[in-house]
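Okay, so here's the structure we're looking at.
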Amino acid sequence: MDKTSPIHALQKQAELLRLEMHYEQEAYSRSLNQTHYIAQIQEPSCRYPVTLGKVTYNALDQMVLTVTFDVSDDEPDTDFEPGKPIAFFHLDGANTGLHTLPNQYYIEETGTGILTIAVPHRAALQSLLTHSQNHLLGLLMTIDNTSYNVMLDALSAAMRSDNPKFIHLRDTLIGPLQPSFRHLPRLSFPWLNPDQQNAVQQVIEAQEVAIVHGPPGTGKTTTLVEAVIETLQRETQVMVCAPSNAAVDWISEQLARRGVNVLRIGNPLRMSDEMLECSYERRYAAHPDYSELWAIRRTLHQTRENPDLSREKRARLAQLRSRATELEIRIQSDLFNQARVISCTLIGSAYHILEHRRFSTLFIDEAAQALEPACWAAILKADRVILSGDHRQLPPTIKCPQAARGGLDQTLMQKIAHTKPHCITLLTTQYRMNRDIMDFPSQWFYHGRLKAAPQVADRLVSPLDTPLTWIDTSQCAFAEKQSRTLSRTNSEEARLLVHVVRDYIEMIGPSRIHDERIDFGIISPYRAQVRLIRRLLKWQKFFRHLNRQITVNSVDGFQGQERDVIVISMVRDNDQGTIGFLNDLRRMNVAITRARMKLIIVGNAQTLSRHRFYAQLIEHFQAHGDFVTLPPPDSADTQHPHDEA
């Protein structure tokens with residue numbers, strides 16, 4: 001086979017994806033087999049023991065199971081979130097390891113000491129009930145095999161498709177064909193800047209593909225929303241996707257605020273509060289025919305287990321099932337016919353209610369964060385594709401080094417941008433950052449092409465403040481450590497960071513921070529450090545009245561967000577200059593560019609400056625802000641005045 005053909009490229013993606021899947025499965029199995037069971041059940045990804053509760057049905061007639069467990073007052077953060085895959089387990093007879101049960105479940109809802117879990121089928125529920133009679137059960141986060149299966153199925157379908165329209169699109173995206181554009185009268189959007197107007201124009205004129213490249217703060221979402229609305233002047237309905245629920249919600253919210261009827265497909269408990277009213281489940285339950293459907297379902301559930309029904313009752317139940325199917329089809333048809341935008345994650349585009357649906361245009365936001373195989377799941381439903389994102393920010397997460405080296409970390413957006421550069425529009429005016437915060441990432445990642453809009457260029461929290469502060473811990477003898485989860489922490493740096501944040505708030509004035517709603521983002525590339533900083537903030541009374549204005553998260557958790565003040569904990573502190581995860585400069589681009597008016601970095605400059613990027617970043621701070629090297633610790637007085645019991 002021709003190694004330059006689209007089919008070969010898709011086959012290669014499937015091979016790499018299987019490598020990634022097997023790598024993750026083997027790592028998961030190793031973790032189960034090599035970690036002592038007592039350590040395992042104490043991990044944030046585990047709950048033991050749990051108690052099975054009642055079974056109910058959601059609006060779509062899916063079984064959900066309530067599970068409860070004990071929690072302590074100092075309960076650490078857990079990894080359990082709505083939509084995450086889990087498995088049940090019990091300890092084996094000798095209490096030497098975990099025995100996982102078959103079937104995969106998904107978290108529907110979380111609460112203190114309680115979870116509701118989607119049950120895949122009745123046999124799975126019966127298996128759980130049987131095991132619970134003889135064992136104490138626990139819950140364990142597991143690998144999402146469903147996502148892998150969706151992506152592999154999508155690649156297979158893309159290879160074997162005989163649809164002429166799809167073949168043309170496929171060969172344009174990853175094959176030798178070049179994108180084509182119509183010539184339309186120039187559109188006018190006075191509220192957009194020239195780059196944004198050019199991007200919308202190109203989206204409307206694109207026959208197969210267009211790319212909106214939006215660096216941080218350049219109004220990518222604003223531009224994409226305008227492009228969607230303008231497309232809806234010409235088309236009845238479009239699909240809008242993104243790799244994450246948060247990204248789907250963000251673009252969907254902006255469209256809904258403009259009066260667009262958005263139907264949001266996915267787990268409602270992974271949606272923002274604003275999007276709940278647009279969710280398929282909420283709209284389904286609000287339909288005028290739903291009350292009749294609900295009554296029929298209740299009758300069917302009540303009689304499901306009764307084998308002694310008369311012939312007349314069985315015939316009546318058959319009529320009810322037929323009527324329920326009729327109502328389900330009518331409700332679903334009404335919801336889709338009324339919606340102008342169908343929005344979901346890329347994996348969610350394979351959801352069964354979207355089967356056989358096609359769209360003239362597919363918009364993929366945050367496309368630079370999306371695995372290529374996930375994109376194909378949605379592209380299979382479209383005649384043309386609009387990609388939006390920034391391949392200089394967060395890449396997709398790849399765990400298998402061999403798969404990454406093979407090219408799985410190269411996104412579809414990157415490939416198209418490289419081979420078809422004329423379909424890209426770069427947005428260059430940013431509306432988020434003070435120019436001194438912007439200048440370094442602009443020079444390093446965007447060839448110096450970004451410019452700060454006048455209204456933000458000189459914006460500061462305080463006229464006596466500077467936009468940049470580096471707190472250098474080179475002389476402090478801090479120590480980084482590896483956690484049980486192979487993440488990293490630096491407890492002394494975490495405590496220092498909390499004090500730095502408190503000192504800054506006191507300098508600005510807590511009342512002003514509160515009254516003007518000045519918000520803070522605390523970022524660390526390491527999840528273990530994030531958890532540690534959250535605990536330290538929780539322990540100090542000073543921060544309790546500001547807890548809604550201070551967010552602590554990983555770099556990934558801050559993608560697409562911004563704060564007035566960003567404080568970054570770099571963690572790495574060693575004599576060898578080893579920086580590990582910090583070598584991924586795109587992550588640092590995201591972390592730095594979340595800040596509107598103030599950027600504070602806490603880290604060991606000597607450790608970091610052995611890398612050219614960080615050496616130049618430090619020089620930038622020295623030239624345009626404050627660079628403070630802390631003195632060696634005083635052994636006679638090591639407690640900071642803000643430390644609290």
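If you're wondering where the values come from, they're calculated on a predicted model, not measured in any experiment.
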Over 12 foreign heavy atoms within 6.0 Å of CZ, Arg517: no
Test item: side-chain donor near acceptor, Gln529 and Ser569, under 3.5 Å: yes
Flag if over 12 foreign heavy atoms under 6.0 Å of CG, Asp575: no
Exercise: do Thr172 and Gln178 side chains pair donor with acceptor under 3.5 Å: no
Donor-acceptor under 3.5 Å (His620 side chain, Ala615 main chain): no
Side-chain donor or acceptor of Trp444 paired with backbone N/O of Gln616 under 3.5 Å: no
Ion pair check, Arg587 and Asp584, cut-off under 4.0 Å: yes
Glu372 side chain to Trp376 side chain, donor-acceptor N/O pair below 3.5 angstrom: yes
Donor-acceptor side-chain pairing of Asp472 and Ser474 below 3.5 angstrom: yes
Gln576 side chain to Thr578 backbone, donor-acceptor under 3.5 Å: no
Neighbour count above 12 (heavy atom, 6.0 Å) for Gln402 CD: no
Derivation of the side chain to side chain contact (heavy atoms under 4.5 Å, CB included) call for Thr593 and Met433: CA-CA 7 Å; Thr593 57; Met433 295 165 275; 3.8 Å; yes
Side-chain H-bond candidate by donor/acceptor type, Glu480 with Thr489, under 3.5 Å: no
Within-4.5 Å side-chain heavy-atom neighbours: Glu366 and Ser244: no
Side-chain H-bond candidate by donor/acceptor type, Asn198 with Thr425, under 3.5 Å: no
Side-chain heavy-atom pair Leu387, Phe363 within 4.5 angstrom cut-off: no
Distance in Å, Leu187 CG paired with Gln233 CD, rounded so as to fall on 0.5 Å steps: 10.0 Å
Close side-chain approach of Arg435 to Asp458, heavy-atom, < 4.5 Å: yes
Residues Asp390 and His213: side-chain donor-acceptor under 3.5 angstrom: yes
Atom pair CD1/CD1 of Ile508 and Ile513 - distance to nearest 0.5 Å: 5.5 Å
Side-chain ion pair, Arg594 and Glu562, N-O less than 4.0 Å: no
Donor-acceptor under 3.5 Å (Thr223 side chain, Gly219 main chain): yes
Polar contact flag, side-chain donor to acceptor under 3.5 angstrom, Arg563-Gln561: yes
Heavy-atom check, side chain of Ile398 versus side chain of Leu371, under 4.5 Å: yes
Distance in Å, Met570 CE paired with Met588 CE, rounded so as to fall on 0.5 Å steps: 4.0 Å
Asn490 versus Tyr526, side-chain donor and acceptor atoms under 3.5 Å: no
Ring-face cation contact, Phe542 with Arg502, 6.0 Å cut, 45° max: yes
Worked check of salt bridge (Lys or Arg N to Asp or Glu O under 4.0 Å) between Arg182 and Glu205: CA-CA 5 Å; Arg182 296 171 293 178; Glu205 294 181 346; over 6 Å; no
Heavy-atom closest contact (Ile437 atom, Leu599 atom, distance): CD1-N, 4.2 Å
For Thr428, the option from Gln196, Arg449, Lys451 that meets side-chain hydrogen bond (donor to acceptor under 3.5 Å, both in side chains): Lys451
Side-chain (Gln202) to main-chain (His422) donor-acceptor, under 3.5 angstrom: yes
Exam field: side chain Ser343 to backbone Val240, donor-acceptor pair closer than 3.5 Å: no
Distance (rounded to the nearest 0.5 Å) between Arg258 CZ and Glu253 CD: 15.0 Å
Distance in Å, Glu274 CD paired with Arg264 CZ, rounded so as to fall on 0.5 Å steps: 12.5 Å
Whether Glu20 side chain and Lys399 backbone form a donor-acceptor pair below 3.5 Å: yes
Note, Leu362 side chain near Ile386 side chain (heavy atom, < 4.5 Å): no
N/O donor-acceptor pair under 3.5 Å between Asn583 side chain and Gly580 backbone: yes
Side chains of Gln197 and Gln201, donor plus acceptor under 3.5 Å: no
Flag side-chain contact, heavy atom, 4.5 Å: Thr345 against Cys241: no
Exceeds 12 heavy-atom contacts within 6.0 angstrom, atom CH2 of Trp250: no
Heavy-atom side-chain proximity of Ile592 to Asn589 below 4.5 angstrom: no
Residue of the set Arg548, Lys598, Arg596 for which salt bridge (Lys or Arg N to Asp or Glu O under 4.0 Å) holds with Asp519: Arg596
Over all atoms of both residues, closest heavy-atom pair of Val262 and Ala256: CG2-N, 4.1 Å
Check: Val385 and Ile364 side chains under 4.5 Å, non-hydrogen atoms: yes
Aromatic ring proximity Phe613/Phe440, centre distance under 6.0 Å: yes
Within 6.0 angstrom of Arg527 CZ, more than 12 heavy atoms from elsewhere: no
Audit row: Asp626, Thr466, side chain to side chain donor-acceptor pair (under 3.5 Å) steps and yes/no: CA-CA 7 Å; Asp626 298 322; Thr466 62; 3.0 Å; yes
Within 6.0 Å of NE2 in His418, more than 12 heavy atoms from elsewhere: no
Spacing of CD belonging to Glu516 relative to CD belonging to Gln549, to within rounding of 0.5 Å: 10.5 Å
